[in-house]
Every structure is written in C-alpha cells, then in structure tokens.
Amino acid sequence: MPVSSYLALAAILFCIGLYGVLTKRNAVIVLFCIELMLNAVNINLVAFAKYGIGANVTGHIFSLFTITVAAAEVAVGIAILIALYRRRESVNVEDMNTLKR
Amino acid sequence: MEYTNHYVVLAIFFLLAIALPIVAWTIGRLLRPSKPYEAKLLPYESGIDPYQQSWLQFNVRYYMFALLFVIFDVETVFLYPWAVAYDVLRSDIGLFILLEMGIFVFLLIIGLIYAWKKKVLEWI
Amino acid sequence: MEIEKFLLDYDWTVLAPELTILIAATLMSVVDLAMGGKADRRFVAWIGMAGVVVAGLFVINYMDREPYQILADTYRLDDFANVFKLIILAGTLLVLLVSQSVLKRSDIAYRGEFYYLLLTAALGGMMMASSADLITLYVGLELLSISSYILVGTRKHVLKSTEAAFKYVVLGATSSAFILYGMSFAYGLTGTTNLFEMQNGLTEAYNTGYAFFVLLSLVLMLVGIGFKISSAPFHMWAPDVYEGAPTPATTFLAVVSKAAAFALLIRIVLVGYSGLLNAMDQVWMERIGLFFVILAALSMIVGNTAALRQRNVKRMMAYSSIAQAGYILVPFAILGVGLFETVAFYLLAYVFMTVGAFAVIMHVNRMADTEDIRSFAGLYRRSPWTAAAMLVFVLSLAGIPLTGGFVGKFYIFFNAIAGQSFWLAGIMVVTTVISYFYYFEIVRQMFFRPPKDLDQWRLPAGVAAAVVIGVVGTVALGVMPQAVFDYLSQLQLTEVLMPAENQ
Amino acid sequence: MGQLLSQPLSPLNATLFTLGAVALLLVILGFVTYAILFERKVLGWVQLRHGPVRVGPWGMFQTVADILKLLVKEDTIPAQADKPLFKIAPIIAFVPSFAIVAVIPFTENLYFTDIGVALLYYLALTSITVIGILTGGWSSNNNYALLGAMRSAAQMISYEIPLILSVVGVILAAGSLNMIDIVEAQQNMWFIVPQILGFVIFLIASIAELNRVPFDLPEAESELVAGYFVEYSGFRWAFFMLAEYVYIFAMSSLTTVLFLGGWHPPFDFLGFIPGIVWFLLKFLLIVFFLFWVRATLPRIRIDQLMSLGWKVLLPLAIANIFLSALLKEVPWISQFY
Amino acid sequence: MDGVIVLTLLTFSPLIGVLFLLFVDRGNERRLKAMGMMATLIPLVGALSLYANFQTGQEGVQFKEEVNWITFTAIGSMGQPIEFPITYSMGVDGLSMPLLVMTAIVTTLAAVASMYIKRNWKSYFIWLLILEVGLLGVFAARDLFLFFIFFEIVLVATFLLVGKWGYVHREQAANQFLIYNGIGSGVMLLAFISIWFIFGTMQYDELIERAVQLTEQLSTMPEMNWLVLGTFIAILVAFGIKLPFFPFHTWMLKVHVEAPPPVVMLHSGVMLKMGAYGLIRFGVELFPGYVTDLAFFIGVLGVVNILYGAVLAFVQTDLKRVIAYSSISHMGIILLGIAALNVTGLQGAVFQMVSHGFISALLFFFIAALTERTGTTLIPELGGLAKSAPVLCGIFLAAGMATLGLPGMSGFISEFLAFLGIFETQPVLGVLGVLGMILAALYMLRAVLGTTFGPAKGRWQSLKDTRPAEAVPMLVLLGFIILIGVYPAVLNDPLYVTLESIVARMGG
C-alpha cells in the first residue's frame, strides 16, 4: 500500500522536527523544525487525500489552509525572534534565561 | 497514471539543469588555471582591506518586506483556485463568490494600508 | 450536498456575532491608523468593547435555538457554542475594560494593535467554539494562537516579554503541529473533516483494524490540546509566558484562551470520537479515560505544588491556572453527562475570579513596580477595598464556600463522586488543601505584612469596574448559583454531540 | 508530443523526452548566446554605434568567444567565503530558470509537458532563484555582495506579488492554469486587449523580476560594483548570467503565452503561417522590447522602486482582479472572457 | 415558630455591626471599640431571647427554617440522575442551643477583651463579627453543607485574626492553623459527601431518621460497611483535628500562644467546641453503631488526651501553654464523655463543652490582662502578683479552681458527669481519666501559686489592679461558671431530652 510509505516519511519528518524543536539551540533552526513538523502534516494530508480511506479533495484544501496558517505562524515567530535578537544579539535558545526556569 | 509522463519530463528538465553546470565546471577545471594567493582571495571592497566579516545584522526593513510578501503570496494561494473555479461557481451562486473574495481581499488591503500608514513601505 | 445550497440558502444571520467582532476589529485597526501617533488610544478600546457587547447581545439572542449548521456543515450554532462564546466575550470585555485604563504608551507602544488583537483572538476562540469541521477548528485555533503570540510580545522593549513570546510561539506552534498531525490521521481514516461524519467513520475504522491509528490520532490531538490548555505535563510554557506577557494579555491567556481550548477539546474529542464513546465504553474508559485521568491528576498535583515555591505573582497564577485546568479536566476523565454544565459553570466562575484577580495584580504590580508577591504587602492599608476584593478572588480560586470558585469546584467534585472516580475526587480535595498555602500567601501579604510606605493606591476606573464586576460575579455565582444551574440545564448542551437537522 | 506524453512510460519514451529536453537546452543556450549579442547590438544602435563587430562577421562569434574566455578563466573563491554555499549558489539560481521552460507550450503540438497547474508551477519555481541569489551574496562574505543580494531579494519578492496577482485576471478569463488552455482561450481575442492593465503590470513586474534596467539595482555597477556576484568569476559567474538570460527567454515566452495569444495569428486569415512563427515573432518582440527599455530608461532609485511595487502595482493588480471579475458581467465585453 | 427567620436574623445579626463599622473612620479608636462591643450585644440579646423562648423538654428542632438553596445534579454511572440538594436549613435543638448562647456570650466578652488590641481596630472588629457569623451559623445550621460553609467562614476569619493581630510568631500560627484546619475541612467535605452518599440527604432531620435504618441496611449490603466505617473515621479525624485530639494538637498550642487574647478566648472557648459538637452531631448521632463499636478506642483517645495534656501542662513554664495543654486535657474529658455511650456521659461532655468555654475564656481574659501589665506570661518571671493586684489574681484563682473541678463550679459538674458516665461502661478508662484530674489539680495550682503568691518580684510591685472594664466581664464569666456549677438545670433542661433521644437511638 503506497500510503504507508508516505506516512512513514511524514512520521520521520515529524519526529525530526520534534527532536529539533526540543534539542536545537539555534532559534532559527527551531523555527525550521516547527515548519518541518507542519510539513510532515501536509504530506500526511495529501497522501490521505489520494490514498486514504474515502480519499477526496478535502485533504488538499486542508493542507492549503495549513500552509497558509503555518506561514503566518512562522512569520510571527521570526518577527518575535528579530525583536529578541535586537535586544539580545543572540539567537541561542539557551541565552533566553530572563524568565527563570 | 497518464499524468506521470509530464512529471517525468519535469524531472528530466531538473536533472539536466543540474547536470549542465556540473559538466561545465568539470570541463572548466581541466582548462582553467588555479594560482590562488592571499590578495586574490580577499573579498573585493574597492581596494580597502576588509577589517571584519560582512555577516552583520542588516536592516530589519528587509524583514518587513518579507513579511508583506508572505501575506500576499499566501493570499494568492487562495486567489488562484478561486480564479480557476470562478466560472463554475458563478454559474451556481452568482456574484456572491465575488463578494466573498472581496471580503477576503478587503481584509488584506486593510493590512496593506496598515503597512502603508506605519511607513513600512518607505525605503530609507 | 448540492452546490446550490452552498451559500445563499443559509441563514447568514447566525454569523452575526462573529461578523460583529470582525467588523469591530477592522474598524478599530482603521481608526487606530487614522489617529495620530500621539493620540490617546482609549477610543479604540471603546469601539472594541462596544463590538463585544453587541456580539454578546447577538449571542444571547441566539440562545436556546435548534442547532443550525451553515457553510457546508462546517460552522455550527448550538447552545454549547453560545455558552462558550458568551464566556469568551465576557472575558474579552473585561480584559478590554481593564487594559484600556492601565495600558501606558511607555509600556506598550502599540496599544491600538493590542486592543484589536484581543478581538481577533476572541474571534478565533468563537470560531473554535462554533466549528463542526476540523479545518475551521484549526483556523480558529490559529487565529487565536497567533494573535496571542503577538499579544504576549507587545512589550517589545522588555526582554522578558519577547522571550516569553518566543517560547510561546515555539511551543504553541509545536502543539498546533501535534493537533494537526492528529487531525491528519483522523481525516485519513475517515475521508472527511466534518466532525459529525467522522463519528461513524472513526468507529468503523476502529473496528476494521485501524484501532491503533484511531487512538494515535486522538492521543496526538490530546497532546496538542494539552499544551493549549496548559495541563501538566505539557505546561512548561505557561509560567514563563504568564510572567513575560503584559498582564492584560496574561489575563486573556488565562481566561479566554483556556476557555476556547476547552471548547476545542469538547468539539474534537467528544463530538468527533463520540462513536467510540457510545459503541465501546470499555475502550474509552480504559484507554482515553486513563489519559484524561493522568492529565487531570498531574495538572492538579503539579500546578498546586509548583505554585508553592513561586515568589512572582504572575508565575504563581500561572501554576494556579495549570491546577485549575486540572480541575476542569476532571469531568472529561469521568465523562458524565454533566460534563457540559460543570465545565461551563466552572469556566464562567473562572472568568470572573481570574479576571478580577489579574486586574488587582496588574494594578498592584504597576504601583509597586515589581511582580514579586511582596508587592502585595500591606495592600490592606493602602486600599482596603481592593484588598477585600482580592480576598474574594483568592478565596474563590482556593475554593472557599460562598464563592463561584467553590461552587464550580464542588460541582465538578460532586460529579466525580457520582461518576465513582473517587481517586480523582480525593486528589481534588488534597490539592485544594495544598493550594490554600499559596493562595493565602497573597492574603498574608495583603493583610499581615506592613506596606513599604503609606501611599494610597487608587484603582483606575476601568480596573475598578472590572474588579467590581469580578466580585459581583464571583459572589453571585457562589451564593446564588441555582439560577445559572437552571439556565444551563435548560439549554440543550448535549446537542453538541448530534448533527444539526438542517443538513 | 501530446501522443508521446499519453503513452505509458517506457525506456524509449524516456530517452525521447531526454532528447527533447537536451534539444531545448541547446536551443536556449543558442538563444542566450545570440540574445547577448543582440542586446549589445541593440544598445549600440540606440546609442548610434555598432556594437560588437570584430569577432566573426557582424560580431557573430563575440559571445562565443566570451564564453570560451570565461571557461578558461581562473575560478577564485574568497578565503573567507562559505565555500559549500558559494559553490552551490549558481546552481540554485540556474536550475529553476531552466526547469520552468518545460511548461511553456510553443505551439499546439510543440510542448514538453501539459500539466494542469503549469502557470502555478512556473510562478512557484521562479521564486526559488531569489534563494540562489541570496545564497551567493551571503556566502561571498563581501559587503557589496550581501547588500546586492538583500536588495535583489527585496526587489524580487516585492515585484513577485504584482506579477502573480496580475496573472489572476488571465486565469479568471481562461478558467484554467494550464498554459495550453490559456492560449486556446485567446483564439478570438488576445488577452492583451481585455487584460491591458494586467499586461502592463505584468510587463513592469517581469522586468523587475529579471533584474533588468530600469530595475537593475541589485547589480548596479556604479553603486554596488556588481551586486551579489561581485566575488564570482569564471564559469560560476557565467551561470548567474546564464540564469538571467534564460529567464529572459522564459519570461518572454510566458508573456507571449499569457497575453499575446501564443501561437495564434493576429488575424484568422494569417492562419496559414505556422504557429511557431507567430510565437517566435511575438517572443522576439518582447525580447527586443526588454533590450530597448534597457537602452532607453535610467535606473530608478531604490525607494522609488519599492514604492512603485507596493503602492502602485499591487493595488492596481488587486483592482485588476476585481475589474476583470466585474467585466465578466458586462454584456458585450464578457465575450472576451 | 415556623416560618419565622429568627435564626437567620440571629446568625447574620453581627453583620449589622459590620455595616455600621464601615462608616467609622479607621483612626477613631474609641468609637470603633465601643461600636464593636455594641455590635456583639445584638446577637447576644438575640441568643438570650431565643434561649428564653426555647421550649425545654421538647424533643426535636425548634425555630426551624428551610429553603431550597442549590441543587447540584449529576448523572450516575448507571445513567440515573443524582441530585445533591443543599438546603438553607437552620434550627436549634437542645444540643446546639446552649452552645449558641455560649457563643454569643463569649463573643461579647471577647469584644470587651478587644480593648487589648493595639491597632487596626476597624478591620479587627469587622473580622471578629464575621467570625461570629460563622460560629453562630455552625451551631445553627441544620444542613451538612451549610454547616461546612459556616465552618469555612470561621476558618478564614480566624486565619486573618490570628495572623494580623497576634503576637510575634502570629504568621506561623496562622499558617499552622490553616494547614491543619484546611486538611480537616477537606476530610470533612469528603466525609460529608460520603454521608450524603450513604444516606442520600444532607439534612440533619432526615439524616437522623435514616441513621436508625442504617444498621439494617448494612446487614443487607455488607460492601457498604467499609464506606460507612471510613466515613465515620473521616468524621472522627476531621473534628478530631479541630477538637484537637492527641497527634493533631500542635497547631492549637501555637494558636493559643500567638493569637490575640480575644481570639484565643473565642478559639479556646468556642471553636474547639465546634469539634466536639461535630463529633456528637455527626459521629454519635449518625453512626450510633460505630460509636458503640469504637467506644473503647474513643475512650482511649480521651484518656491519652487527658494524660498527655496534663503531663505537659505540668512542665510548661509559659502560662499560656499551661492553659493550652489543659485545654487539650479537658477536651479528653469530652471524648471520654462521648465514649461513655450513655446520657450521663454525653451530658458530661456537653457540660464540659460549655463549661470549658467559659473557663478558658476567663483564663485567657486573665492572660490578656496579665500580658497587658507585665508583658510576659512566663511563670518563672512572674510571682507575688497578688500583693499588687489582688482582684486580678483572685479571679485567676477562681478560674483555676474551676478548671480543676472544684465543686460548686461548672468544671465539677461536667467532669463529675463525664466520669460517672464512663465508670458505668468503661471503668478502667475512668480510673485513668481521673488520674488526669489529679494532675490537673497539680499543674493548675502550680501555675496559680507560681504567679500570684510567693515573694513579689520587684518589677511587679506597682502592678495596676483590674479596671472596671476588665473586672466586669471577668466577673460575668465567673458568674456563668458558678451559675452552671450551682444550678446545672439551666443547661441541663434543654439538653436532656435531646441527649436522651440520641442515646436511645444508640440503643444504649
């Protein structure tokens, strides 16, 4: 079944993204990793739209929305990161320690 | 699977496009000289020796444009399907489809006006 | 569904509340732009409040109607949605009221933006409450989330604020990704994103060998929603974000975001997966129920114990809100039919007490210029009425009788007992007792400690209004909850589980 | 080509496809070679001089010689550069420029692919080039290069918006993203007439996208030395140039397809002339126009550039969309849509 | 008297005082104090007139009011709707009537003793009056939930009073108070819920009716046994903390030492009795079977309390601690009385509640007066006070005598009755308990003699004797102590019938 390979790909991407979000120190990379996770979802959706149970075009529509929203989300993320960078001169997540753990 | 062929062609174009520079450089490597020395490998700064890396912070203005780009680029994600299906939808529900997109675009235009008023669009 | 019935045949007036908010937000942004850089932005907030009130009136007008679905069954109006919208709007109104009187240009440069972002976030929340489709749910969620990210980061010149915002973005986006990933499986297993069509599909998928994926999708979504409602073990963002955000935004997060996230939880889990719920109680109780039990218990325990050692009021309130999320999760673990009533009532009480408490905290922190809990020292001497009001809020949060917090908590507790979840009920009681320590720390500071100086701190009018509303609401819900109970029970909240007639 | 594409995939077919692609590549390389010459000639004529005349008759082999010279030139990479990125940047810039040519139909029979989202594909891939430019400018670790790259990126993304929005009018009219469908829809009336506003926006935006005068700020010789490819030399530099001229090819073809009716003759009675000729004529007209503009107009300032893009072209493009949609309702005009 | 809301009026009458106090300037000490004291007179008058109107010798509840308040609904696991009605139900019977009156009296006197309060009189009196609402409500409530609510009001008010107006370590004391009582009320809530679960109602009257049938029910449903037993133990713990019995007593010492005198008067005099009241009301009345089964255990707890309190009281150097430990000891007597399982024992217990209420109020009034003058309550530092302050010391002596059970005073009656009861059923415990009484004589005399007699230390030569404002309330308290001592019927008359009915239900 071809869908399983897509699913596996998506799962791997999702896990890589999650791993990156949790471990990476560079804030930009963290944002990339989030994007990776969201794109894993897109792969899933599109794969299901073609091969899923009751495949239909809804998956495509959903992924369009996902793309849009993810773009907005990451745009805001980077905007905040820039604001942060201008004050802190660093994109290292570990430097963000003003708020105590 | 009749559309596979089209994508195969696209893939061929891609591969070809990648192959061309590689081939060209490989040939070039055989032909061209290579005599690097320090001054040659310095970045060109109109004759002044560079004293720092050029990887600096650059104006945030660039990011503003990038953001605006994202907004309107994403808008087209919805505009294109709408435009393609316009005739079909119009015959069903009439001009409402236009109104709908009008609302959508209107909100984006508010965004543009916002950026305009906030002087984001001015390049200093 | 024929395409002819697509748009114009629907009763579009049901969207009136949302459209009102949308128009108000648009208007606010335009007005804000038209105003000069130096102008007082309160006017913008007043437009927002007017919009919220009008939207609220529309919502009240639609109470108690038959469920009605529009836009190809993606958007739905039922009493459940209305109740949540009312809660969201009430929270937004109070936050606007407070922020218009405390926000200073020196603190938040973009106040106009702050006000209408509150509205767009509320709009997102309303969409979540009203959606019957994964896509609309997701869009609503993100509208709320993205607006909140910015709200958190509006104090641009304060490092804490931007850091908090960044943390919130990262964790919020991650949780969105989890929710989406779960949604993608739900879609793949059923071929639809409509929650009501999913019901059967998921049951069928469950029975035809895809049980693992059905549960996987649910668990992924629950993890994501766990982030959004800040339940342990997915709570780590909450203290930082609550601390870093400007206090009105914190209030908004604590109240509106949370309420909306619970709406999301109910929509997805109870509506989408209700097939599993009905057909095989066993599965539900053993696997999913367990998940909720763990979430609820952990939230209560972690929230209440971690709050003990906080010295920053906002962080303390963050842990407190984690604990409150735990309490609200208890009905989900039990899954009694009283779920909607209990959750709605608790959230209603929660709106009043939390907004009130944060309004006071905001005022006190601003006057004392610190967020340390010691800023409350001697508040009683400075302004006895404020201290008395704060006492009411704290008692309510702690769950002392004659307050809305107590009635809400007891309602949940009682349902837990009736549902024979004695363990959860026990944890509720124990953690409530633990919570006395830190809630009463505020009381101690206010009443027992001497103030640094004897300055009188007068509440600004807007804050005072919010505090009065908070006190009245909290006490009224504590003394005379019966009216609300009756009203809630008369609403057809359980209809949320059934598709509307008009499809 | 159409039959070939509808056959099941076999090694033979694949070979044929490859051969076709190679042929097109060669054609394009030839075009680029002579486009450069043509440009220099046009510039010369406009400025009342001859242009290249020495190499070959009428300077025919001038560009060939240039290419050979580039091939044997030393390839220096600055010591401080980010080497992997420095090396890969020209490829990133070049690949999309050639890959988009695949979707352009030259006549109703001569096309290489016929995918439903051709226009989207074209527009999507074009925007990848900017990453190549950014990479190149960044990895050089040179102030001019970085500045040029940033400017270029800002400019390209700013003008991409009007570009893609101006096309929506065409899509509305044709009801398809497929290029062949779009051309077929211009059977009676080229879209340049009903979509004149869209055409103008498209033309301006495409010039800016091509980084050509009057929008050649990224490589403004007098200000930034050469913009993002200051540090590039030899054949690496050549690929940036190549990408630029391939884009001229692609963009001119696209303009032809979208607005000038592709292979359709201007009048039905001229239908006896093969479509390819019409196509080439229109295509060359556009190419000539581009060179003409370069010779005629001065470079504008960057603030003017950005203002034009965001404050004029973008609102106009959006207005064009709704105008087009509304014009569909007007009784007589609607037949052109 | 049905349909009349006298009890509600009585319970909330202190709020009238609050209302008036709000309008007084916070710096106006004299007026605040006067108003605070006056305000407590309203409930006092109310309580006394209620007592006068109380039909003695009549079984059951009087002055009953009942309004449906809140109904919580839930759906049970079987799909059956479960309703949890909370009624606003007030009433008094023979058990609560004396306690109500005692509360009113002690509060008034505590308000008088508030003359020792040094600051923030306005809020002090407001909270004191709110505390009074809670205390009155606790005894007047006829619904478990209402009881709980009033109980919590008491908790909050006491917390604030102790923490704000106490002595040096007031905050620790308040915290400990909160911790223990918070846990106590948590357990109480659980116990109440399970009582509701067992009986299906929260109203005392219905509960008592159903309690009789409980034994039969249990025989048909043996699996309920554990729940009922657990509930009973929870009740025991919840009120045991309040009482307090032995392992849970540390908070009370702290409070007694650190709290301001009027609050200690109320605390020791009234609040400890809430524990005892709860034990009798919910332990004895609702679970007669278990009380019978566990009587020995309760008795042992009582004896432990008596002896532990007495021994430790003996070794304390701080007068406050002596009295605090003696309170623990006396609470043991209440437990013994309950453990006796007969009318006499219970009579003893209730008598002890009231009598100890007055006695400890008096003692702490004295302590307050003493602290005001000397600034210390350490026995070694005191001595020979009688020379300079004879009246004060005379009152102390009298109170001490009452504590150790001198005939003619209330302490004697209560202890006598309690021991009489326990000797009837558990003689061994009785003997051990009496041992405690001997110790009581020892520590009390030691304390009294140590402070009042002996060589006068120089510092205390010029001690001022009691002012009238102090002497009058002390003498009033003493009067009540002697009144009960010589004319116990004043207490016994309303009580007896109620206790008889309780014991009858126990089958004893």
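Below, read A as the first sequence line, B as the second, and so on, with proteins coming before strands; counting in each chain starts at 1.
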K.L.:
Check each atom of A/A47 against the heavy atoms of chain C and say whether the ones under 4.5 Å are side chain, backbone, both or neither.
P.N.:
neither
K.L.:
Locate the shortest heavy-atom distance separating A/F65 from C/Y138; write the atom from each residue and the value.
P.N.:
O-CE2, 4.5 Å
K.L.:
With sequence neighbours excluded, what pairs up with A/Y6 under the ring-ring contact (aromatic ring centres under 6.0 Å, His included) test?
P.N.:
A/Y51
K.L.:
Look up atom NZ in C/K156 and atom CD1 in A/I82, then write down how far apart they are to the nearest 0.5 Å.
P.N.:
10.5 Å
K.L.:
Just checking C/E204: does its CD atom have more than 12 heavy atoms from other residues, nucleotides or ligands closer to it than 6.0 angstrom?
P.N.:
no
K.L.:
Measure A/A79 against the heavy atoms of chain C and call it side chain, backbone, both or neither at under 4.5 Å.
P.N.:
neither
K.L.:
With respect to chain C, which residue among A/V76, A/V74, A/N42 yields the maximal number of heavy-atom pairs within a distance under 4.5 Å?
P.N.:
A/V76
K.L.:
Heavy-atom distance under 4.5 Å to chain A: side chain of C/T174, backbone, both or neither?
P.N.:
both
K.L.:
Tell me, side chain or backbone of C/L134 under 4.5 Å from chain A's heavy atoms, or both, or neither?
P.N.:
both
K.L.:
Working to the nearest 0.5 angstrom, can you tell me the gap between C/I135 CD1 and A/T66 OG1?
P.N.:
8.0 Å
K.L.:
For C/Y168, is it the side chain, the backbone, both, or neither that has a heavy atom closer than 4.5 Å to a heavy atom of chain A?
P.N.:
neither
K.L.:
Looking at every non-hydrogen atom in both residues, tell me the closest pair between C/A177 and A/V41 and how far apart they are.
P.N.:
O-CG2, 3.9 Å
K.L.:
Compare all side-chain heavy atoms of C/F178 with those of A/L18 and state whether any distance is below 4.5 angstrom.
P.N.:
yes
K.L.:
Counting heavy-atom pairs under 4.5 Å with chain A, which one of C/G182, C/A165, C/A205 comes out on top?
P.N.:
C/A165
K.L.:
Work out which heavy atom in C/T162 is nearest to a heavy atom in A/A83; give both atom names and the distance.
P.N.:
CG2-CB, 3.7 Å
K.L.:
For the side chain of C/Y149 and the backbone of A/E73, is there at least one donor-acceptor N/O pair under 3.5 Å apart?
P.N.:
no
K.L.:
Heavy-atom distance under 4.5 Å to chain C: side chain of A/I34, backbone, both or neither?
P.N.:
side chain
K.L.:
Checking A/N56 side chain against C/G191 main chain: does a donor-acceptor pair fall under 3.5 Å?
P.N.:
yes
K.L.:
With a 4.5 Å cut-off on side-chain heavy atoms, are A/L84 and C/L159 touching?
P.N.:
yes
K.L.:
A/F14 vs C/Y181 aromatic rings, parallel, tilted or perpendicular, using cut-offs 30° and 60°?
P.N.:
parallel
K.L.:
Determine the minimum heavy-atom distance between A/I80 and C/F166, stating which atoms define it.
P.N.:
CG2-N, 3.6 Å
K.L.:
Using non-hydrogen atoms only, which part of A/V21 is less than 4.5 Å away from chain C: side chain, backbone, both, or neither?
P.N.:
side chain
K.L.:
Roughly how far, to the nearest 0.5 Å, is the OG atom of C/S184 from the CG atom of A/L7?
P.N.:
8.0 Å
K.L.:
If we define contacts as heavy-atom pairs under 4.5 Å, which of C/G153, C/A173, C/S176 has the most with chain A?
P.N.:
C/A173
K.L.:
With sequence neighbours left out, what residues match A/L36 under side-chain contact (heavy atoms from CB on, under 4.5 Å)?
P.N.:
A/L13, A/I16
K.L.:
Side chain, backbone, both or neither: which part of A/A27 has an atom under 4.5 Å from a heavy atom of chain C?
P.N.:
both
